[in-house]
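In what follows, every chain begins at residue 1, and chains take the letters A, B, ... in the order their sequences are listed.
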2 protein chains.
Amino acid sequence: MPNDTWQPPSVLLTVDLVIFTLRSSALHVLLVERGIEPYKGEAALPGGFIADVGEDIVDAARRELREEADLDAAKLHLEQLGTYGRPDRDPRGRIVSVAYLAIAPGLPEPEAGTDASAAFWCPVAEVASGHRPLAFDHRQILDDGLERARAKIEHTALATAFCTPSFTIAELQRVYEAVWGFELDPRNFYRKVQSVPGFLVPVGADRRTTKGRPARLFRADPWQGLRPPILRPLSPSRNEEV
Amino acid sequence: MPNDTWQPPSVLLTVDLVIFTLRSSALHVLLVERGIEPYKGEAALPGGFIADVGEDIVDAARRELREEADLDAAKLHLEQLGTYGRPDRDPRGRIVSVAYLAIAPGLPEPEAGTDASAAFWCPVAEVASGHRPLAFDHRQILDDGLERARAKIEHTALATAFCTPSFTIAELQRVYEAVWGFELDPRNFYRKVQSVPGFLVPVGADRRTTKGRPARLFRADPWQGLRPPILRPLSPSRNEEV
DNA sequence: TCAAAAGTGTTTGTCCTACACCCATGT
DNA sequence: ACATGGGTGTAGGACAAACACTTTTGA
């Protein structure tokens with residue numbers, strides 16, 4: 001119990017980032033190969049210490065994203081995922097980390113930045129299957145981030161953040177399938193997303209591919225809410241894919 | 001950008017608690033009157049600094065609950081709500097706070113503990129209406145906690161944590177109404193909760209009141225998931241009450 | 001003319017809401 | 001008897017899964 005001379009202990013504060021994107025229809029997460037101890041050479045989520053005592057936490061997350069992966073976080077929506085503060089989570093001492101979640105459209109290989117040896121997109125399935133161990137408690141953070149993303153695209157238009165500025169409904173469906181991990185009926189999906197008022201805005205043009213009928217293009221605001229939501233099936237017949 | 005002599009800055013870490021309970025069918029939140037500066041004498045959420053660098057954050061939350069309100073948190077389920085770290089949120093300096101949410105059954109007035117001048121239950125409506133200002137950013141934390149609780153009782157049996165060990169369906173309905181803030185049809189609610197497999201376990205006894213037919217008693221595990229969920233109506237005819 | 005992908009119609013069953021109605025108890 | 005709250009039946013509408021079918025393109 002604190003007495004008159006007691007002073008509150010201080011801790012070190014880091015941010016960690018769960019950045020998802022879609023590459024050739026598969027969900028990927030941004031990882032870095034750690035350039036310093038501990039866990040040097042192993043894979044980890046991008047992140048790092050706040051720069052100074054006056055830096056806002058979400059600003060630190062944006063800065064780390066720029067430094068470690070050369071991604072401009074200005075357009076990315078960072079959502080707080082949770083805080084991970086187990087006393088033994090970092091061998092260097094008491095380090096508490098605030099995790100953020102973000103969604104990025106399909107992008108080429110990120111440039112390795114200043115802090116990390118290398119940044120790269122890793123298939124989420126590779127981590128989930130245990131083939132790719134992660135440093136610290138980052139496996140847990142990634143799992144929490146995946147579940148958050150799965151729930152989030154039900155109630156908001158966040159899935160469109162995976163897409164190019166204008167996209168077809170089939171492209172949007174591939175996002176939902178990659179994040180949820182099972183296939184959907186294209187015809188029912190088509191009408192379901194169209195029926196949500198204010199979700200999809202027709203852009204008046206078509207996208208032509210080498211095969212088949214051209215598809216209408218749409219755009220959307222990724223941060224808009226969806227009413228009614230696009231709920232994933234709970235139990236029924238769903239074709240697993242991830 | 002950090003150079004060779006750069007050291008990461010340290011911050012002070014606090015926990016804040018949003019504890020809800022039901023008193024005479026109205027949702028209440030546990031508040032304390034602050035005994036020290038800043039905001040001395042004003043209302044705030046219970047909370048405080050972690051005790052030492054080795055204390056786990058959720059343990060600190062449990063300890064504060066015991067110290068400030070003499071509530072035994074061993075049986076309460078503490079859920080992390082979020083982390084609030086705006087650089088200017090505390091005039092004493094850079095203080096980052098991790099907020100937790102918990103639900104308590106109806107309880108008598110809490111005892112004032114060691115740290116706080118007084119702990120008391122305050123109607124949530126009183127805070128929401130702006131009649132009761134809160135210290136720091138605690139109004140924001142409370143709002144976030146309320147929305148979390150509203151969403152949480154849709155997908156888990158958390159609402160039963162407001163109830164006595166055994167309860168009637170009508171009592172459970174009063175919980176949902178108090179948290180959501182509008183009235184529900186008793187007959188449809190009755191069947192809806194009964195239809196969720198594994199939610200309500202009959203205890204084989206009745207509760208007799210002074211009026212009307214006795215109601216069957218049930219018990220439940222507050223941390224169990226609900227499938228299908230008990231969804232609150234989004235738009236339709238709902239009688240506002242809070 | 002065929003394959004492939006986009007988009008539409010329709011059927012069928014499930015779930016939800018609203019409300020009429022019956023049941024069991026205290027006064 | 002009757003008021004009060006507990007509990008059941010059921011009709012009508014909204015919704016969603018499943019799938020047959022039509023449209024529009026490239027080859």
Side-chain angles (χ1 to χ4, degrees), chain A residues 24-25 154-155 163 166-177 180 182-197 199-218 226-240, chain B residues 24-25 154-155 163-164 166-177 180 182-197 199-219 226-240:
Chain A
S24 49
S25 295
E154 294 187 304
H155 301 279
C163 299
S166 61
F167 51 88
T168 68
I169 292 184
E171 287 163 0
L172 183 60
Q173 181 183 342
R174 263 169 243 132
V175 173
Y176 276 87
E177 290 178 335
W180 282 345
F182 48 82
E183 292 175 1
L184 301 167
D185 184 298
R187 292 95 86 189
N188 292 333
F189 182 83
Y190 185 91
R191 269 174 304 193
K192 192 166 207 165
V193 294
Q194 290 262 58
S195 73
V196 180
F199 183 8
L200 296 180
V201 181
V203 76
D206 290 348
R207 168 158 299 165
R208 338 182 66 87
T209 55
T210 173
K211 297 249 161 124
R213 173 175 174 174
R216 293 177 219 158
L217 287 171
F218 298 86
L226 260 35
R227 270 163 64 139
I230 312 279
L231 295 175
R232 54 187 147 164
L234 294 168
S235 44
S237 64
R238 55 196 218 194
N239 297 330
E240 306 267 344
Chain B
S24 49
S25 295
E154 293 187 306
H155 302 278
C163 299
T164 47
S166 61
F167 52 87
T168 68
I169 292 184
E171 287 164 359
L172 183 61
Q173 181 183 341
R174 264 169 242 133
V175 173
Y176 276 87
E177 290 177 334
W180 282 345
F182 48 82
E183 293 175 0
L184 302 167
D185 183 300
R187 291 97 79 184
N188 293 334
F189 182 83
Y190 185 91
R191 270 175 303 195
K192 193 167 209 163
V193 295
Q194 290 262 59
S195 73
V196 180
F199 183 7
L200 297 179
V201 181
V203 76
D206 290 347
R207 169 158 299 164
R208 338 182 67 86
T209 54
T210 172
K211 298 250 161 121
R213 172 175 173 175
R216 292 178 220 157
L217 288 170
F218 298 86
R219 57 186 174 75
L226 259 36
R227 270 161 68 138
I230 312 280
L231 295 175
R232 54 187 148 163
L234 294 168
S235 45
S237 64
R238 56 197 218 193
N239 297 330
E240 304 268 343

- Under 3.5 Å donor-acceptor, B:Q173 side chain and B:Y190 backbone: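 Pair absent, no side-chain N/O of B:Q173 close to backbone of B:Y190.
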Quick one: closest heavy-atom pair of [X] and [Y], and the distance?
X      : Y      : answer
B:F199 : B:V193 : CD2-O, 3.8 Å
B:L226 : B:Y176 : CD2-OH, 4.1 Å
B:V196 : B:P228 : CG2-O, 3.6 Å
A:F189 : A:I169 : CE2-O, 3.7 Å
B:Q194 : B:R216 : NE2-NH1, 4.3 Å

About how many Å separate [atom2] of [Y] and [atom1] of [X], when rounded to the nearest 0.5 Å?
X      : Y      : atom1 : atom2 : answer
B:L231 : B:H155 : CG    : NE2   : 6.0 Å
A:L200 : A:L217 : CG    : CG    : 11.5 Å
B:E171 : B:T164 : CD    : OG1   : 5.5 Å
B:S166 : B:R207 : OG    : CZ    : 5.5 Å

- Message: In the structure I gave you, are the side-chain heavy atoms of A:R174 and A:F167 within less than 4.5 Å of one another anywhere?
- Response: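 A side-chain contact under 4.5 Å is absent here.
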Value in whole Å for how far the [atom2] atom of [N] lies from [atom1] of [X]:
X      : N      : atom1 : atom2 : value
B:Q173 : D:dG5  : CD    : P     : 13 Å
A:I230 : D:dC15 : CD1   : P     : 13 Å
A:R227 : D:dC15 : CZ    : C1'   : 17 Å
B:D185 : D:dG5  : CG    : P     : 15 Å
A:L184 : D:dC19 : CG    : C1'   : 16 Å
A:L172 : C:dG7  : CG    : C1'   : 16 Å
A:L231 : C:dT14 : CG    : C1'   : 15 Å

- Query: Heavy-atom contacts under 4.0 Å between residues 186-194 of chain A and DNA chain D, which residues?
  - Reply: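 Heavy-atom contacts with DNA chain D come from A:R187, A:N188, A:R191, A:K192.
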- Counting only non-hydrogen atoms, which of residues 206-216 of chain A are less than 4.0 Å from DNA chain C?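 By residue number: A:K211, A:G212, A:R213, A:P214, A:A215, A:R216.
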- Please give the angle, rounded to 10 degrees, between the axes at the start and the end of the helix from C:dT1-D:dA27 to C:dT27-D:dA1, where five pairs define each axis.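 If I round to tens, the end axes sit 10° apart.
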